[in-house]
2 protein chains.
Amino acid sequence: MTTMLEVAKRAGVSKATVSRVLSGNGYVSQETKDRVFQAIEESGYRPNLLARNLATRRTQTLGLVVTNTLYHGVYFSELLFHAARMTEEKGRQLILADGKHSADEEREAIQYLLDMRCDAIIIYPRFLSVEEMDDIIQKHEQPIMVLNRRLRKNSSHCVWSDHKASCQAAVSQLIDMGHRDIAFITGSLDSPTGIERLSGYKDALAQHHIPLNDALIVEGKWNPESGALGVSTLLSRGETFTALVASNDDMAIGAVKQLHDSGVATPGQVSVIGFDDVSIAPYIIPSLSSVRIPVTEMIKETISRLIFMLDGGDFTLQQTFSGELILRDSVIAGPHV
Amino acid sequence: MTTMLEVAKRAGVSKATVSRVLSGNGYVSQETKDRVFQAIEESGYRPNLLARNLATRRTQTLGLVVTNTLYHGVYFSELLFHAARMTEEKGRQLILADGKHSADEEREAIQYLLDMRCDAIIIYPRFLSVEEMDDIIQKHEQPIMVLNRRLRKNSSHCVWSDHKASCQAAVSQLIDMGHRDIAFITGSLDSPTGIERLSGYKDALAQHHIPLNDALIVEGKWNPESGALGVSTLLSRGETFTALVASNDDMAIGAVKQLHDSGVATPGQVSVIGFDDVSIAPYIIPSLSSVRIPVTEMIKETISRLIFMLDGGDFTLQQTFSGELILRDSVIAGPHV
DNA sequence: TTGTAGGCGTTATCAA
DNA sequence: TTGATAACGCCTACAA
């Protein structure tokens, strides 16, 4: 690999001059500029970003930590798509680190990004506690933002969506439409999102003075298979219901299939609501409603804040201005009875 | 950020010794080891990977270039999922660069990864020609592998799946089952994959001496909407057909929906085959067959080769051993008439 | 077993 | 307008 020094020699100037030409900082005559550019051309020179970043103490990269388990599915694709796009729009590069499937590995991933000297970091946590993340944020000078979780201390360093409230709204909607026996398929209950949605379901019932029937609740694992299994379980319990809420669209799809296969109902006969608005879902089951989580808006806000901090924005001030950011889920389309 | 020098001072040793302790190279007494570790602990020292990589001329990273347009959907998720997993299994890190949506941007992405001094690079091309990639591979000393394209010169530097052959097989299957009027929805025809599948369709017809009816072919754009639109177009042309092949599952799903909405057929009445085996598809349309592309196996082979080269494997030799790698698509499940 | 010193390829601060 | 030269933080002979 040809280095800056070789370019300098070839152009008959010093390293410093070449550096100036490349960075655009400092004066340099048009004449030498031309010679340098020619030398670069001839030698096929390419800057070594490692060296540059080491010297400037800036890498122009944002790090993103996401769990492996999120990789499958449209939700992650959308997140990544927009994260990459926005990052590059701001003249930076996104670096992805895999949080895998444990708290330890999630920590490692964060550490890696820090060691790589990413200018800023986005964490989409799965296993780390809110406390630990508050801790991490305070321990490091790099700007860090947390997605999909509500922090206690560094409330301006997180962007989240109120899963509980939106689930409650969805269930309330069903109740308003006259439903009383509403089945619920949870997500994995080791995930905050899963817990929050379940909790929203319970709250909605309580709010409308409908007694909670535990037999109408089954635990799922976010995938279609567990949605189908959930329906089987409900049926084997001998439960009847006129509506069903699944904690995400994948499970909802599996559930509808199972309802159909069991001969219990045709799609449309039981009101089903899912979450995440997987783009292909309506092509499958037109009767499927879904609560859309504004991933795009959330990642956009996240990156904006990060860039703002990198540009020296006074974040304490910013915080008092906008306070805690809560992006509410949009209204559901309404179930079909 | 505390540096190695500070750790050294605190432990009362030299930088070199600290470095030895960390890397595990060279002798160092247990006693000083302990002192160094303690100093690291106390100071919260973290190695600067930029500096380390600059000094060692190794980054332990693999770069991956993918187009933005691939981001959506399960196919990409699976690719990324396994790429990340395998890379980390081999003790390395995956760095993703966005190829966006033009040849220029694809080149830029590759260049970025090279400038970052990734040890090796994987390209999943969308716009670059085979010739240019052959060129790139020869110009750079880093190992480079190309996915989903068949290179002329560096045939051992690519892993691809024979889209034409597998499409031909799928269509032949339909013909064997008695179909004669088989409609075809293409992918984007600026993509090699799209062209190859179309070509497989035509070959199958020719092989069975079935005259080609251009009116049975419509151009799609890989998404469900274009699949639905394709069916509308076919119907508006007054064409009749007993089977339909869409160049991917997303379009197939859209197509089935449109067939249904138009009242032309219920799902199952027209044989439909898609590609890519999107995991959720069978939950939607049990009658949908699909040709599975072995992404997992392909990415696995790709990374294996890369690592092999990094470890100093003699690639010219390797090539003569295994020759050109062709991963054939698995047999389709068979359409329902 | 440990320390010294030079190098990795840039940037950035001074003088000239 | 240009050129030395010292960082940046780490690795690695070589010497001790």
Side-chain angles (χ1 to χ4, degrees), chain A residues 1-37 39-40 43-61 93 111-119 141-142, chain B residues 1-40 43-61 111-119 141-142:
Chain A
M1 286 257 99
T2 103
T3 79
M4 192 175 249
L5 183 61
E6 301 175 48
V7 173
K9 280 180 185 162
R10 187 189 286 262
V13 296
S14 72
K15 283 192 304 178
T17 302
V18 178
S19 178
R20 278 186 207 104
V21 173
L22 252 43
S23 68
N25 299 333
Y27 297 100
V28 47
S29 76
Q30 187 58 49
E31 187 190 12
T32 43
K33 245 184 208 164
D34 292 344
R35 255 188 305 142
V36 169
F37 277 129
I40 288 177
S43 61
Y45 167 78
R46 286 263 93 210
N48 183 325
L49 294 187
L50 294 173
R52 172 180 295 171
N53 294 341
L54 179 61
T56 56
R57 302 156 135 284
R58 275 268 192 167
T59 59
Q60 311 288 16
T61 58
Q93 250 285 329
Q111 199 52 260
Y112 177 77
L113 295 176
L114 289 168
D115 293 349
M116 279 284 273
R117 297 302 185 265
C118 286
D119 292 340
E141 45 206 17
Q142 294 93 329
Chain B
M1 287 260 96
T2 102
T3 79
M4 192 175 248
L5 182 61
E6 302 176 46
V7 173
K9 280 181 188 162
R10 186 188 286 263
V13 297
S14 72
K15 284 194 302 178
T17 302
V18 177
S19 177
R20 277 184 207 108
V21 173
L22 252 43
S23 67
N25 299 335
Y27 297 100
V28 48
S29 75
Q30 187 58 46
E31 188 190 11
T32 44
K33 247 184 208 164
D34 292 343
R35 257 188 303 143
V36 169
F37 276 129
Q38 192 183 345
I40 289 177
S43 59
Y45 167 78
R46 285 265 94 209
N48 182 326
L49 294 188
L50 295 173
R52 172 182 295 174
N53 293 342
L54 179 60
T56 56
R57 302 155 134 281
R58 274 270 191 166
T59 59
Q60 310 288 16
T61 58
Q111 199 51 261
Y112 176 78
L113 295 176
L114 289 168
D115 293 349
M116 279 284 273
R117 297 301 186 268
C118 286
D119 292 341
E141 47 207 17
Q142 294 93 330

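Since the model is a prediction, treat every value here as computed from it, not as a measurement. Below, read A as the first sequence line, B as the second, and so on, with proteins coming before strands; counting in each chain starts at 1.
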Inset, instruction - Compute whether any side-chain donor of one residue and acceptor of the other, for B:Asp34 and B:Gln30, lie under 3.5 angstrom apart. - result: yes
d([atom1], [X]; [atom2], [N]) in whole Å:
X	N	atom1	atom2	answer
A:Arg20	C:dC14	CZ	C1'	11 Å
B:Leu50	D:dC11	CG	P	12 Å
A:Lys33	D:dT2	NZ	P	10 Å
A:Lys15	D:dT1	NZ	P	23 Å
B:Met116	C:dT10	CE	P	15 Å
A:Gln60	C:dT10	CD	P	17 Å
A:Met4	D:dG3	CE	C1'	14 Å
B:Leu49	D:dC8	CG	C1'	15 Å

Inset, instruction - Select base, sugar-phosphate, or nothing to describe what B:Val18 touches, counting heavy atoms under 4.0 Å on all strands. - result: nothing
Inset, instruction - Answer with base, sugar-phosphate or nothing: what part of the nucleic acid does A:Arg117 contact at a heavy-atom distance below 4.0 Å? - result: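 Nothing: the residue A:Arg117, judged by heavy atoms under 4.0 Å, touches no strand.
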Please pick, from [options], the nucleotide with the shortest atom-to-atom distance to any side-chain atom of [X].
X	options	value
B:Thr56	C:dT11, D:dC11, C:dT2	D:dC11
B:Ser14	D:dT2, C:dT4, C:dT10	C:dT4
A:Asn48	C:dT11, C:dG9, C:dT2	C:dG9

Inset, instruction - Let me know, please, whether A:Leu54 or B:Ala16 comes out on the 5' side of the other along DNA chain D by nearest nucleotide. - result: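 Nearer the 5' end of the strand: A:Leu54.
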So, for [X] and [Y], which heavy atoms are closest and what is the spacing to 0.1 Å?
X	Y	value
A:Thr2	A:Tyr45	O-CD1, 3.3 Å
B:Val7	B:Val36	CG1-O, 4.3 Å
B:Lys15	B:Met4	O-SD, 4.0 Å

Under 4.0 Å from OP1 or OP2 of [N]: is there any side-chain N or O of [X] that close?
X	N	value
B:Arg57	C:dG9	yes
A:Tyr27	D:dG3	no
B:Ser19	D:dC11	yes
B:Ser29	C:dT2	yes
A:Thr3	C:dG9	no

Legend entry - Residue mapping more 5' on DNA chain C - nearest nucleotide basis, B:Ala55 or B:Val13: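 In this pair, the answer is B:Val13.
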Inset, instruction - Find which nucleotide of DNA chain C each of B:Thr32 and B:Ala51 is nearest to by heavy atoms, and output the residue with the more 5' nucleotide. - result: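 Comparing both residues, the 5'-ward one is B:Thr32.
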Inset, instruction - Any chance you could lay out the side-chain contact (heavy atoms from CB on, under 4.5 Å) test for B:Thr61 and B:Met116, step after step, and finish with the verdict? - result: CA-CA 9 Å; B:Thr61 58; B:Met116 279 284 273; over 6 Å; no
Inset, instruction - Apply the side chain to side chain contact (heavy atoms under 4.5 Å, CB included) test between B:Leu54 and each candidate in A:Asn48, A:Leu49, A:Asn53; give the one that qualifies. - result: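 Testing each of A:Asn48, A:Leu49, A:Asn53 against B:Leu54, the sole residue satisfying side chain to side chain contact (heavy atoms under 4.5 Å, CB included) is A:Asn48.
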